[in-house]
Amino acid sequence: MKNKRNLLGLLFLSLFVCNTMNSQKNSKLIKPNIIIFYADDLGWQDVQLNDLDEPCAWDTPNITKLAEDAINFTNAYSPAPTCAPSRSAILSGLHPARTGITNVSGGEIPKASKGSRFINPYFPSGLMPENFTIAEALKMNGYKTGHVGKWHAGHLKIQNSKNQGFDFVHESRGAHQGPRKPNTRLTNFATNDANDPFRLSKEKYFPFTKENPKGISYPTDAVTENALKFINESKEEPFFLYLAHWMVHYPIHSKNRKLLDYYCDKLGVELPEVDAEWTKEGQNNPYFGAMVTTLDWSLGRVVDLLKKTDDPRNPGKKLYETTYIFFSSDNGGAETRKAEVMSDNAPLDKGKKYSEEGGIRVPMLISGPSIPKEKTKDVLINQLDFYPTILNLTNSKIPSKYSDDFDGLDISNVLLSNKNEVKDNKGKPREDLWWHYPYGDDVKNQSAIRSGDYKLYKNFNSGKYVLHRLYKDGKRYDLEEQNDIAAQSPKIVKKLAAKLEKYLKDYDAKLPYKSITNVKDPSDKEKLASIPVVVTDSFDATSRKVSIQLEKGKSKVIESYALIKISDKPSATGKKKLHTTYIEVPLEACKNKLEYTFNVPKGAYECGVIFIDENRFMVKSKFHELIKTPKKGKKKKGKKKKKKKN
């Protein structure tokens, strides 16, 4: 990884310049195609693959059909319990703790939530030019690269998908676009009108019922259509498609009235006369069921195109025979949002934003050339494994400074040689996986490690460890994670805690910090008198140097960094939204750790310094406004548009 000082210069050189890396000429090798079909918030129990206790209420015939040609990994995990960290991880091959992207909506000055004793650590808004994505890697090896759907790996121009290695980009929400007032999800349905952007298809698809024996039409979905377009336009060369669906993320709705009616009949429920949050527990929300089946329909459209299209590079074969498909979800299922009950991850505990099984265990299918059909494996797999595995499957080479940094492992031996162990490049079997989510309430704020049958949690608010045994003698034991056996198993706790602590240290994982404004612990109140105090804080406009001096005799500073606010180039009219973010920059510190300096590049809007003392209190310097951040142009008078939700 590049030094942050070099990165800072690189950022300001490249803020307004597009990535000019071009794909190399095609190799004479016949390379397979790659598709990552990445669902959003689709839970392990939201598909008809891993039915436990109760069968899945949602119909996923195309996912089930793909499983007939694939390996179904029942112990598969996302890199994080939420969206942006997982997406950045599979694209970069780096653990969220290594990139620092451990939550959504980063790039802000750290602050405590209302009433909280802790301040969330700073984390970047997304990938930066120093990150070498899988798209850049495959493009370097002669692949056409396409991204369709949700990005969520940075919103500055230097962070967008076109500047992260993708040739073809389409990022609209498609049929996931929610209803806009005065419409509601009870009135916002697709029609046969030629002017309807979501016009119903002439072709008929699942479900096939007495009322609709030939099937039903589906709304036009720009995400699916652009994925098909990319495949058709790129088939003359090896291609990589990262199809990142917006479904089944909130808002929960469907533009397909017949599919919604089908689920009402199947579930034995009725739609209310007035749009309201769905509060019936379990897998009983017809809107959500319709979204899952629409996602499944989209996968079916992609697979159908591959099956009927000749591969021009491999005469006599269809694209389906020469394409590897990686199907999974960015995190576990989102069970609720406010009062709305969307789905149910049972028997897994909790869901999205939690490191419990319901928040990180995900459906995963991998199919393609030489992969066994209709197999099920319980080997531990993480989506971080996608990047190194795809490089091997495609015989792609990249500089060792990137490949040596991977946090996932090549699982080709499991895919192609029917092995039941994932091994590193030294032949050592994988022993564990770990997750880091230092945010949220007293339950969410934790790291976790899965090692064999056991799973250990470290809660950052309480400092306590919790231990569960998920399996015993190869059979399900406490998959629900209801029995904490930490007190009865001190040796296992000690062993796994040592592993987890080593990961946290080696990855320099950022932890929650204590807030100086809401201190409740009596011992911490006594320490407040010794927190670092900024005596001088100045910015020299000529040298562009910030100088800070701390008061003597205060607690020792153990961590410090500057935050600098940067942005895209403002539009000429000033009417377009200006994206900004704070980036972390190291400080120059004197030997006594009382004087600190850093230089601010031209074009920066704001800067300040964060100090962490030995008692883990966070202290912030004054943030200097260097250039007034441009605002959007004045809006025309009229009704306000509802802000889109990610």
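What you see is a predicted model, and the numbers here were worked out from it, not measured in a lab.
- Put simply, the side chain of Leu91 reaches to within 4.5 Å of the side chain of Tyr242, judged on heavy atoms.
- A donor atom on one side chain and an acceptor atom on the other are not found under 3.5 Å apart for Asn50 and Arg361.
- Cation-pi check for Arg185 over Tyr287 is met; the charged atom lies under 6.0 angstrom from the ring centroid and within 45 degrees of its normal.
- Lys419 NZ: 12 or fewer foreign heavy atoms inside a 6.0 Å radius.
- Asp442 is not listed as a side-chain neighbour of Ser462, based on a closest heavy-atom distance of 4.5 Å or more.
- Ring pair His436/Phe460 is perpendicular by interplanar angle, where above 60° counts as perpendicular and below 30° as parallel.
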Query raised in the report: Can Ser396 and Leu138 be said to form a side chain to side chain contact (heavy atoms under 4.5 Å, CB included), step by step?
Result: CA-CA 7 Å; Ser396 295; Leu138 292 175; 3.7 Å; yes
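- Side-chain atoms of Asn120 never come within 3.5 Å of backbone atoms of Tyr439 as a donor-acceptor pair (strictly under, hydrogens ignored).
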Report task. Check the pair Tyr477, His468 against ring-ring contact (aromatic ring centres under 6.0 Å, His included), reporting the backbone distance first and the verdict last. Result -> CA-CA 9 Å; Tyr477 188 67; His468 298 293; over 10 Å; no
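- Under 3.5 Å, the side chains of Gln383 and Ser86 contain no donor-acceptor pair of N or O atoms.
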Requested in this report: Check step by step if salt bridge (charged side-chain N to carboxylate O under 4.0 Å, His left out) holds for Asp330 and Lys150.
Outcome: CA-CA 11 Å; Asp330 63 346; Lys150 187 173 183 178; 5.1 Å; no
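- At distances below 3.5 Å, not a single donor-acceptor pair connects side-chain atoms of Asp453 with backbone N or O atoms of Leu470.
- In this structure a side-chain-to-backbone donor-acceptor pair under 3.5 Å is missing from Asn212 to Thr209.
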**Report entry** Worked check of salt bridge (charged side-chain N to carboxylate O under 4.0 Å, His left out) between Asp506 and Lys502
**Finding:** CA-CA 6 Å; Asp506 290 349; Lys502 188 175 188 306; 2.6 Å; yes
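- Considering only heavy atoms from C-beta on, Glu340 comes within 4.5 Å of Ile252 through its side chain.
- A distance of 10.0 Å separates CG in Leu259 from SG in Cys264, rounded to the nearest 0.5 Å.
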Query - Steps toward salt bridge (charged side-chain N to carboxylate O under 4.0 Å, His left out) verdict (Lys455, Asp478) - result: CA-CA 10 Å; Lys455 190 155 174 218; Asp478 183 25; over 6 Å; no
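- A donor-acceptor distance shorter than 3.5 angstrom exists from the side chain of Arg430 to the backbone of Leu380, with no hydrogens or angles considered.
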**Report entry** Stepwise salt bridge (charged side-chain N to carboxylate O under 4.0 Å, His left out) test for Glu321 and Lys307
**Finding:** CA-CA 8 Å; Glu321 299 174 84; Lys307 285 183 175 180; over 6 Å; no
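- For the 3.5 Å distance criterion, the side chains of Lys377 and Asn75 fail to qualify, holding no donor opposite an acceptor.
- Using a 4.5 Å cut-off on side-chain heavy atoms (C-beta onward), Leu243 and Phe230 make no contact.
- Relative to the six-membered ring of Phe189, Lys255 misses at least one condition, a distance below 6.0 Å or an angle of at most 45° to the axis.
- In terms of modelled atom types and a separation under 3.5 Å, the side chain of Thr99 and the main chain of Leu94 share no donor-acceptor contact.
- Aromatic pair His95/Tyr507: ring centres closer than 6.0 Å.
- In this structure, Ala137 and Tyr387 approach most closely via the heavy-atom pair CB-OH, 3.4 Å.
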Requested in this report: Check step by step if side chain to side chain contact (heavy atoms under 4.5 Å, CB included) holds for Val466 and Leu456.
Outcome: CA-CA 6 Å; Val466 172; Leu456 180 82; over 6 Å; no
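- Atom-to-atom distance recorded for Ser355:OG and Gln446:CD is 5.0 Å, nearest 0.5 angstrom.
- Checked for salt-bridge contact, Asp40 and Arg87 meet the test: a charged N lies under 4.0 Å from a carboxylate O.
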Query raised in the report: Does the side chain to side chain contact (heavy atoms under 4.5 Å, CB included) test come out yes or no for Ile366 and Phe327, once each step is laid out?
Result: CA-CA 6 Å; Ile366 303 179; Phe327 171 84; over 6 Å; no
Report task. Begin with the C-alpha distance, continue with both residues' side-chain angles, and end with the deciding distance and a verdict on side chain to side chain contact (heavy atoms under 4.5 Å, CB included) for Ser298 and Val223. Result -> CA-CA 9 Å; Ser298 178; Val223 173; 5.6 Å; no
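- Arg98 has a carboxylate O that lies under 4.0 Å from a charged side-chain N of Asp407, or vice versa, which qualifies the two as a salt bridge.
- Checking side-chain atoms of Asn413 against main-chain N and O of Ser417 turns up no donor-acceptor pair under 3.5 Å.
- When the shell of 6.0 Å around NZ of Lys444 is examined, it contains more than 12 heavy atoms from other residues, nucleotides or ligands.
- Contact check for Val341 versus Lys280: no side-chain heavy atoms found under the 4.5 Å cut-off.
- Asp484 places a side-chain N or O within 3.5 Å of a backbone atom of Leu467 that can act as its donor or acceptor partner.
- The CD1 atom of Ile63 sits 9.0 Å away from the SG atom of Cys56 when rounded to the nearest 0.5 Å.
- A pairwise comparison of heavy atoms in Thr102 and Pro85 identifies C-CG, 3.3 Å as the closest pair.
- Under the 6.0 Å cut-off for aromatic ring centres, Phe326 and Phe386 qualify, their centroids lying closer than that.
- Within the structure, every pair that satisfies the ring pair (Phe, Tyr, Trp, His ring centres under 6.0 Å) test and touches residues 60-83, not counting sequence neighbours, is listed here: Tyr77-Trp435.
- Using a 4.0 Å cut-off between charged side-chain N and carboxylate O, Asp59 and Lys266 make a salt bridge.
- For the 3.5 Å distance criterion, the side chains of Glu225 and Thr220 fail to qualify, holding no donor opposite an acceptor.
- Within the 4.5 Å cutoff, the side chain of Leu365 has no heavy atoms near those of the Ile71 side chain.
- Counting heavy atoms from C-beta outward, Tyr465 and Asn459 have side chains that stay 4.5 Å or more apart.
- Closest of all the heavy-atom pairs between Leu271 and Pro286 is CD2-CG, 4.1 Å.
- The two atoms that bring Leu409 and Thr389 nearest to each other are O-OG1, 3.5 Å, heavy atoms only.
- Using modelled atom types, one side-chain atom of Glu335 and one backbone atom of Asn345 make a donor-acceptor pair closer than 3.5 Å.
- Considering all non-hydrogen atoms of both residues, Lys352 and Thr82 come closest at CE-OG1, 3.8 Å.
- Residues Asn285 and Trp278 bring no donor and acceptor atom of their side chains to less than 3.5 Å of each other.
- Judged purely by atom type and a 3.5 angstrom limit, Asp473 has no side-chain atom pairing as donor or acceptor with the backbone of Lys475.
- Between the side chain of Asn256 and the backbone N or O of Ser217, at least one donor-acceptor pair lies under 3.5 Å.
- Under the 6.0 Å cut-off for aromatic ring centres, Phe240 and His147 do not qualify, their centroids lying 6.0 Å or more apart.
- Looking at Thr293, Leu295, Asp296 one by one, the single match for side-chain contact (heavy atoms from CB on, under 4.5 Å) with Asn62 turns out to be Asp296.
- Side-chain atoms of Ile216 and Tyr262, non-hydrogen and from C-beta on, never get closer than 4.5 Å to each other.
- For the residue pair Pro363 and Leu42, the shortest heavy atom distance occurs at CD-O, 3.6 Å.
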